[in-house]
Amino acid sequence: MFRYSLNCSQEIMSPTMRTRLALLYWLLLSAASVSCDADARERVALEPAFGGRTFDSALDLADVGDGTFLVAERGGQLRRVSADGSKMEVVLDLASTVSLEHEEQGLLSVALDPEFAQNRHVWLYYIARDPLRSVLARFTLPLGGAIDPASGLVVLELAQPYENHKGGAVRFGPDGMLYLGLGDGGDAFDPEGRGQDLATLHGSIIRIDVRTATATSPYRIPPGNPFTEIEGARPEIWAYGLRNPWRMAFDNETGELWAADVGQHEVEEVNRIERGANYGWAVMEGERCLLEECDSRAFVAPLATYRHSEGCSVVGGVVYRGTDIPALRGLYVFGDLCSDRVWTLDGDGDRDELLAVAGPIVSFAADRQGEVYVLQFGQPIMRLRSP
């Protein structure tokens, strides 16, 4: 999911130490008077969404379209909350199923089926225990009711060899296909070379057709997937060479898929995902070669990178397509876990600091109108707005 370490390996640090380092990083930045530029302050502000309700561990958000939203919390709870926050209820609780033994585990993502209005299908991505594995599952949310856990259909499971690097976003593209971002599965520096291995789904973004999913035929390989003719390659793979894509989102106007990939020690990166592209992990970390020598021309370069002098763990965002803040339209909005900075990125890779928030950012989301939300643990979900 994300990393709390600075220039130290996350694999040898305790969660308590990582949390302390994140707080220390935030305090150091505050003492240095790090702030956004004046233009950014004039064009955007933050306001609590959902009546200021606090969520313990909100990681994803889906706009149902009827005045309610679904909020996925790391602990396994899927909550339905009204737009004004006056009503909230748990519609599904996977606490007995999800694994929480590492900070990069739990219920990580929620997405509504493109035909949700007709079929009421909700798609979840979570890390399950005994054995440790990634799970993509479909559930049915009755109109006005709660989800019957028995309605769940497991569409894909992926065994996980280590605790970390699980990726964490399920999204539907404009083509109606399901895309899922998967990390390399751990450990530090991808010791088993999964990022460059087309024979595994680890370290990739997959594209599958789930429109006719059943227990006996959970998904199909859609036409156009790039590696279907390569012997030994997994036909689900759309792009690969990723370490830990946290998170990804489609631009609902252009159809482009944006993904942030968390780095190892030095470089964080943002990519625009292309069909069949190899993003270099673990030969490259951003633009940085990790081997004695390598040819970066063999890989698709990130659209943008930043070093750990500016943060420690990129948090992928969304392209702003709302109407409340015209100056942001078409810009990718994303952030960093440790520095708590929010940036914008344009299609040419030009980055601008937008604002800073109090406390670690863990995710971004957008509603049906294209307005953007910032998710943080133990705090209200915040909405970007015009001041």
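Counting begins at 1 with the first residue of the sequence.
The ring of Phe227 has its center closer than 6.0 angstrom to the ring center of Tyr240. Separation of the Phe250 and Trp258 ring centroids does not fall under the 6.0 Å cut-off.
Ion pairing of Asp60 with Arg171 is present here, as a side-chain N (NZ or NE/NH1/NH2) and a carboxylate O approach within less than 4.0 Å.
To the nearest 0.5 Å, atom CG of residue Leu355 and atom CG of residue Leu384 are 6.5 Å apart.
The side-chain hydrogen bond (donor to acceptor under 3.5 Å, both in side chains) search around Tyr179 returns Asp175, Arg207, not counting sequence neighbours. Considering only residues two or more places apart in sequence or on other chains, Arg120 meets the salt bridge (Lys or Arg N to Asp or Glu O under 4.0 Å) condition with none of them. Listed by chain and residue number, Leu78, Leu92, Leu94, Leu107, Val110, Val122, Tyr126, Phe139 satisfy the side-chain contact (heavy atoms from CB on, under 4.5 Å) test with Leu124 (two or more places apart in sequence, or in another chain).
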After noting the C-alpha distance and the side-chain angles of Lys166 and Glu104, does the key distance pass the salt bridge (Lys or Arg N to Asp or Glu O under 4.0 Å) rule? CA-CA 7 Å; Lys166 304 303 174 224; Glu104 298 184 24; over 6 Å; no
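Between Phe334 and Tyr332, the ring-plane angle classifies as parallel under the 30° and 60° cut-offs. Ring-plane geometry between Tyr306 and Trp343 is classed as tilted, the angle between the planes lying from 30 to 60 degrees on a 0 to 90 degree scale.
Hydrophobic cluster membership differs between Leu61 and Phe116, with clusters built from Ile, Leu, Val, Met, Phe, Trp and Tyr side chains linked at under 4.5 angstrom.
Only one option out of Val44, Val372, Leu354 pairs with Ile325 in a side chain to side chain contact (heavy atoms under 4.5 Å, CB included); it is Val44.
For residues 215-231, the salt bridge (Lys or Arg N to Asp or Glu O under 4.0 Å) pairs, not counting sequence neighbours, are Asp209-Arg220. Residue pairs satisfying the salt bridge (Lys or Arg N to Asp or Glu O under 4.0 Å) criterion with at least one member in residues 286-304, sequence neighbours excluded, are listed as follows: Glu285-Arg288, Glu287-Arg307, Asp295-Arg297.
Heavy atoms only, all atoms of each residue included: Phe299 and Met284 are closest at CD1-CG, 3.7 Å.
Other residues sharing a hydrophobic cluster with Tyr162 under the 4.5 Å side-chain heavy-atom criterion for ILVMFWY residues do not exist; the residue is a singleton.
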